[in-house]
Each structure stands twice: as C-alpha cells, then as structure tokens.
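Worksheet: one structure, shown below.
Whatever order the structure lists ligands and atoms in, that order sets their numbers, starting from 1.
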Amino acid sequence: MKKRVTLVAPFYNESGNVLEFFQRVRQIADTMPQYEFEVVAVNDGSRDATWSELLQAQALHSGVHLVDLSRNFGKEAALTAGLDRATGDAVVPIDSDLQHPPELLPDMLAHWEKGAEVVLARRVDRQGDGLLQKLSAVSFYHFHNKISQVKVPLNVGDFRLMDRRVVDALRQLPENHRFMKGLFAWVGFRTVTIPYQPNERVAGVSSFNLWKLWNLALEGITSFSTVPLKIWSYVGLVVSLLALVYASVIVVKTLVFGIDTPGYASLMASVMFIGGVQLIGIGVLGEYVGRIYHEVKRRPVYLVREEHTTGSAAGVAEDRVERA
Ligand code: UDP
Ligand code: MG
C-alpha cells in the first residue's frame, strides 16, 4: 500500500491562482509516484470565481476533495475544516496563493521518512514584507514567547508537514478559537526545521491587513498566556504603594509647612492617570471575558455548504469513515 499524503489548502478569493496551484502540485506529485497524493481544498466563502474554478480543477485532477464553507470563517477555521477531512498518513497545510512552494514536498517527505513527526518550513527572509511588518512580527513573537509557556518559532507559518499522529492530536483540541501556530506548537512531537524561500503571491492581494494581524496577535497572546490578566495585581500594588508614600509625604509636609491648597493640576493628572490604568486593566479583562463568552457557546468552528469527493480519494475517504 502506498503512503498517502494530503495537502490542505484554504482558498479565499484566489480566483486566478486555482488552476495554477493544482498544476504545480500535480507536477511535483508526479515526480513522487511512491506516494498517493490528495488535495483537500477548502473554499472559505470566496466572493469571486474561486469555487467554480475549484470545480473545474477537480474535473481535471484526481484525488481532489472540495469543501465549500457557508461563508468566510477565516483561515484558521478553513484549515480546521481541511484537517478534519484529510485522510493522509502525512498532512501538509499549504497556502493556495503559491507563496508556499510545493517543490519543498520531497524534502519534507524525506525528513518524515527519517522519523520526524513535524517538518517545519521556515522562511529564510520575509521579502515582500515592509520594515514595519518585519519589526512587528519579530516583536510579537518575542513578546508572545516571553509571556507564554508555549513557544512559537519565528518565521514559521502554517506550512509544515505533520504525521497522522500530530493531526489526530490537533483534532482533539476542543477550542473554538483556533490560533493555529500556537496549537501546532502546543501539541509538540519530534520536529525538524527546513528553510525555504517564500514566493511572491501569484495573483490577487493578501487578505491580512494591519488590523487583522493585530487581532491575530491578540488571539495568540490570550490563547496561550494569562500573564496580561495577572499583571494587574502587581500594577495595582505598585501604584498603591507609591500613593501611600506620596500621601505620607503630603501629610508630613502639611504638618511642617502648614496647609498649601494649590495642586489642581497634579490632582487632575493623577486622577486621569489612575483612571486610564484602570480602564486598560478592564479592557484586558474584557479581552479574556469576550473569549470565554465565545468559547462557552460551543458553536461549530465552520459550516459546510457542500462537499465533493472524486477519484481515488473518495474511495479511501469512504473506507476510512466505514472503519471509524
Ligand atoms: N485565507 C483564507 N481565509 C481568509 C483569509 C485567507 O482561507 O479569510 C487563505 C488564502 O486563500 C491563502 C492563505 O489563507 O491561501 C493565506 O492568505 P494570504 O495570502 O491572504 O495571507 P498572507 O500570505 O499575506 O499571510
Ligand atoms: Mg499569501
């Protein structure tokens, strides 16, 4: 029996990249006949021709499993949908805009065959990223890793090969809010890192703007650390101590020099400062409470409109379901 390799590709408004993506994957798959390749393509509520192009691609290639989500759920949810359907002994999440070169697959598979359970692909440089993006990425990972038990490696994205065991472990994680990079790191397993040069996007534009990235960063930090919550006890302690010291100074000054009424400016400044600090504390609390709120509703991570399996992949997929 051939070993089975599943590529999980999320598609969001990738019209123009679809056919090329499948061609490139096919080309590289053909050089490795010892494996059976399957592509699970998840359409994440695209508003362009992506879905019809995916149907076209499925007619052209074998082993393509298509999933159409009912709306845009975000990349993390789309990946989850893909991982839920992947039947491979090894599974590789890969961007559909071809920024993740499929040509890295032979290398990844070689490491997997040698016993690695996770093969991470690390970007050697973030060409195409502006200085601001680079700096914010570096500082985010630095900050995240300082305050979290789970360390997320720098310049490593979702592009990686995972053994079946790792995928099964990931699928057991019950959370709705899925910060994939963190979850990947959390499950652990024997890991090897290989470098790669990311490509330019083939067509279209990146759907991650600064605001989305900021929210992703918040997601990452709140998912894996409670330090921002706990820090407020210490901030409060320091501020109270300072206030106590200052109060004693005022009392002594008044006793020695008599009453001195002016002080409106300093009074306002300190009231507003403390007010601001309290609001930040409440805001941080809100971030966590909001996440608890979303989490306890236990809504599904994604909803599927339709799903198509074809070719050899279908047979094996059904076989797996029957065995399960
Ligand atoms: N993507 C998705 N849902 C979204 C946004 C993006 O499935 O809401 C997919 C997109 O089709 C691509 C991958 O996630 O395959 C990476 O997205 P993008 O290229 O926009 O991000 P970047 O490469 O700039 O990080
Ligand atoms: Mg991209």
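The residues Asp95 and Lys75 are annotated as salt-bridged, a charged nitrogen and a carboxylate oxygen being separated by less than 4.0 angstrom. Salt bridge Glu287/Arg291: present, at least one basic N to carboxylate O contact under 4.0 Å.
If you check the side chains of Thr191 and Glu117, you find no donor sitting under 3.5 Å from an acceptor.
The name of the N, O or S atom in Asp97 nearest to the Mg ion (ligand 2) is OD2.
In this structure, the side chains of His308 and His65 stay at 4.5 Å or more apart for every pair of heavy atoms.
Contacts between Phe11 and ligand 1, counted as non-hydrogen atom pairs separated by less than 4.0 Å, involve the backbone only. Proximity of Asp44 to ligand 1, defined as any heavy-atom pair under 4.0 Å, is confined to the side chain (atoms from C-beta onward).
Under the 30°/60° scheme for interplanar angles, the aromatic rings of Phe159 and His100 are found to lie parallel.
Near Glu14, with a cut-off below 4.0 Å to any heavy atom, the atoms of ligand 1 are 10 (C), 11 (O), 12 (C), 15 (O). For ligand 1, the atoms lying closer than 4.0 Å to a non-hydrogen atom of Asn72 are 3 (N), 4 (C), 8 (O). The Asp97 neighbourhood of ligand 1 comprises atoms 19 (O), 23 (O), with distances under 4.0 Å to a heavy atom of that residue.
Ligand 1 has a nitrogen or oxygen under 3.5 angstrom from a nitrogen or oxygen of Pro10.
Remark: of the listed residues Glu307, Gln58, Arg85, Gln58 is the sole one forming a side-chain contact (heavy atoms from CB on, under 4.5 Å) with Leu66.
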